[in-house]
There are 2 protein chains.
Amino acid sequence: MSSVPASDDKNVTDQLALRRSQSLTSIVQLEIERLILQGELAPDTRINELSLANQLGVSRGPVREACRTLQALGLIESKPNRGFFVRLLTTKEAIEAYNTRAAIIAYAGMTLAPVIEQPQLELLNHLLDKMDTVVSRGEVGTYDPINLEFHDSILRMAGNERLRQTYHDLLREQHLFRHRGLSDGDNLAVSNREHRLIVDSLASKDANAAFNSMRDHVLLGMQRMLNAGSQ
Amino acid sequence: MSSVPASDDKNVTDQLALRRSQSLTSIVQLEIERLILQGELAPDTRINELSLANQLGVSRGPVREACRTLQALGLIESKPNRGFFVRLLTTKEAIEAYNTRAAIIAYAGMTLAPVIEQPQLELLNHLLDKMDTVVSRGEVGTYDPINLEFHDSILRMAGNERLRQTYHDLLREQHLFRHRGLSDGDNLAVSNREHRLIVDSLASKDANAAFNSMRDHVLLGMQRMLNAGSQ
DNA sequence: TCATTGTAAATTGTTGACAGTTTACAATAA
DNA sequence: TTATTGTAAACTGTCAACAATTTACAATGA
């Protein structure tokens with residue numbers, strides 16, 4: 001026991017716990033992931049191990065280990081003797097990811113519908129209202145986080161963490177498609193109308209309707225993305 | 001151009017291509033994966049980096065990189081400062097994996113049913129017959145590979161490689177549950193009756209029936225596994 | 001006997017160095 | 001000009017060594 005006050009003691013404990021869980025590799029991994037998802041490392045660019053290591057103040061070991069993890073997650077790919085490259089999703093791969101994501105969340109909706117409870121429906125309705133508000137105010141940037149929370153809430157309520165993880169793995173991967181981040185324009189209002197259909201089907205406790213509304217929402221989102229990309 | 005015969009030339013080219021695609025890391029990864037899936041490295045055991053490296057005649061670098069990949073694949077987990085451990089699936093996690101797998105392949109069946117063609121149905125029927133044969137002869141060990149090919153064929157026919165990959169990721173992960181590998185006894189005949197129901201639903205081109213038969217098959221397999229484990 | 005402390009061995013985390021391959025580019029020839 | 005060859009620089013693949021942490025275990029005391 002040290003002589004410092006209890007509050008500081010807890011601080012030290014927390015810092016140690018943090019230190020233990022955060023190896024250099026995991027920090028580097030999160031940083032590369034951030035660079036990729038925020039577009040600072042564009043698809044198809046090579047990841048220079050040495051310069052990245054210097055930039056982060058570490059050696060190449062942790063960088064390479066982090067890259068292996070990100071490779072398995074599908075964010076980067078390894079070309080032997082040539083290095084790691086940020087992955088670029090083809091249109092075919094993007095379509096496949098969308099369909100797989102549709103399979104996942106439609107199943108979640110199907111299992112959730114028969115057992116959903118009133119407070120859960122209220123939470124979803126609350127998120128719907130928030131999205132309507134930001135759409136009507138034209139606050140485009142704030143829609144996405146609420147949208148994300150809406151879908152994640154449904155996955156949480158479905159109660160299958162593995163299903164939820166798979167969904168997020170696919171969502172992360174989809175950032176690697178060219179046409180991501182294009183302005184959605186008026187589509188946000190359309191998207192939220194689909195959200196209402198989803199909540200309606202869940203409220204009616206109709207498994208098939210929930211399955212269809214969730215699947216259709218993802219696939220219609222795919223159509224919007226493909227249309228935006230072809231313009 | 002070298003002066004060696006063409007046949008040798010091709011050999012050299014192949015070897016170079018092989019050499020290029022097989023970094024030490026990928027070889028080590030496959031070897032650890034084999035050790036785990038064949039039960040030579042049991043769940044919850046620590047992976048000693050140095051001894052494994054010596055055993056394979058490489059240094060710790062490639063071993064650690066391979067472990068990061070396998071960690072991302074969910075086969076091993078990393079405890080900071082304590083090393084890599086073969087993952088052990090809890091019953092809850094196994095159930096979640098089964099349900100996620102059901103979601104995946106049910107969706108594949110649903111999309112395949114309306115568009116399946118006669119030669120594809122014939123291939124599936126051929127596999128059914130082969131499984132019936134080995135079951136009637138009591139050749140337990142040969143059932144599994146055909147069973148695997150049956151499901152994989154359906155996923156291939158569905159035409160979504162990402163869906164197929166996710167399915168196999170989940171299947172691989174399920175080897176980490178305690179009660180795997182218990183003798184299935186008479187259940188193989190039951191399993192193959194379910195296979196016939198699947199092919200029937202596909203042949204009728206009924207998307208909903210295909211979805212249900214595929215989902216039920218995976219979930220009934222889960223029940224069999226849970227029952228076997230509780231005995 | 002049992003719990004506690006201290007020390008050595010084992011093991012992981014990280015680094016820097018070297019070998020082999022790829023890439024960039026200047027020199028040469030058609 | 002364009003294609004080809006040769007050379008140097010840059011970079012990846014791999015290894016061995018050192019630092020930091022954990023583990024094993026003997027020594028000590030209640």
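Not measured: the values here are computed from a predicted model. Protein chains get the first letters and strands the later ones, always in sequence-line order, with residue 1 at the start of each.
With sequence neighbours excluded, the residues that form a side-chain contact (heavy atoms from CB on, under 4.5 Å) with A/Ala94 are A/Leu89, A/Phe177. In terms of the side chain to side chain donor-acceptor pair (under 3.5 Å) criterion, residue partners of B/Glu161 (sequence neighbours excluded) are, by chain and number, B/Arg164. Taking the side chain to side chain donor-acceptor pair (under 3.5 Å) definition, one finds that A/Arg162 meets it with A/Thr166, B/Glu173, sequence neighbours left out. Applying the side-chain contact (heavy atoms from CB on, under 4.5 Å) test to A/Leu37 and every residue at least two apart in sequence or in another chain returns A/Glu33, A/Arg172, A/His175. Not counting sequence neighbours, the partners of A/Ser153 by the side-chain contact (heavy atoms from CB on, under 4.5 Å) test are A/Leu123, A/Leu124, A/Leu127, A/Glu149, A/Met157. Take A/Glu194 and apply the side-chain contact (heavy atoms from CB on, under 4.5 Å) test, not counting sequence neighbours, and it matches A/Val190, A/His217, A/Leu220, A/Arg224. Partners of B/Glu65 according to the side chain to side chain donor-acceptor pair (under 3.5 Å) rule, which considers only residues two or more places apart in sequence or in another chain, are A/Arg64, A/Arg68, B/Thr25. Scanning for salt bridge (charged side-chain N to carboxylate O under 4.0 Å, His left out) contacts around A/Glu31 gives A/Arg34, with sequence neighbours left out.
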Give every pair of a protein N or O atom and an N or O atom of nucleotides 15-17 of chain C that lie under 3.5 Å apart, one pair per line with the distance.
unit_1	atom_1	unit_2	atom_2	d
C/dT15	OP2	A/Ser59	N	2.8
C/dT15	OP2	A/Ser59	OG	2.8
C/dT15	O5'	A/Ser59	OG	3.4

Between the protein and nucleotides 6-11 of chain C, are there any N/O to N/O pairs under 3.5 Å, and if so, what are the atom names and distances?
unit_1	atom_1	unit_2	atom_2	d
C/dT11	OP1	B/Asn48	ND2	3.1
C/dT11	O3'	B/Arg46	NH2	3.2

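Between A/Tyr143 and A/His195, the ring planes are parallel. Angles under 30° get that label, and only those over 60° would be called perpendicular.
With rounding to whole Å, B/Asn54 atom CG is found 16 Å from D/dT14 atom P. If you measure from atom CG of A/Leu52 to atom P of D/dC11, you get 13 Å, rounded to the nearest angstrom.
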Table please: side-chain donor-acceptor pairs of residues 54-62 of chain A below 3.5 Å, with sequence neighbours left out.
unit_1	atom_1	unit_2	atom_2	d
A/Asn54	ND2	A/Leu50	O	3.4
A/Arg60	NE	A/Glu49	OE1	3.1
A/Arg60	NH2	A/Glu49	OE1	3.0

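Contact check of residues 67-79 of chain B against DNA chain D (heavy atom, cut-off under 4.0 Å) returns no residues at all.
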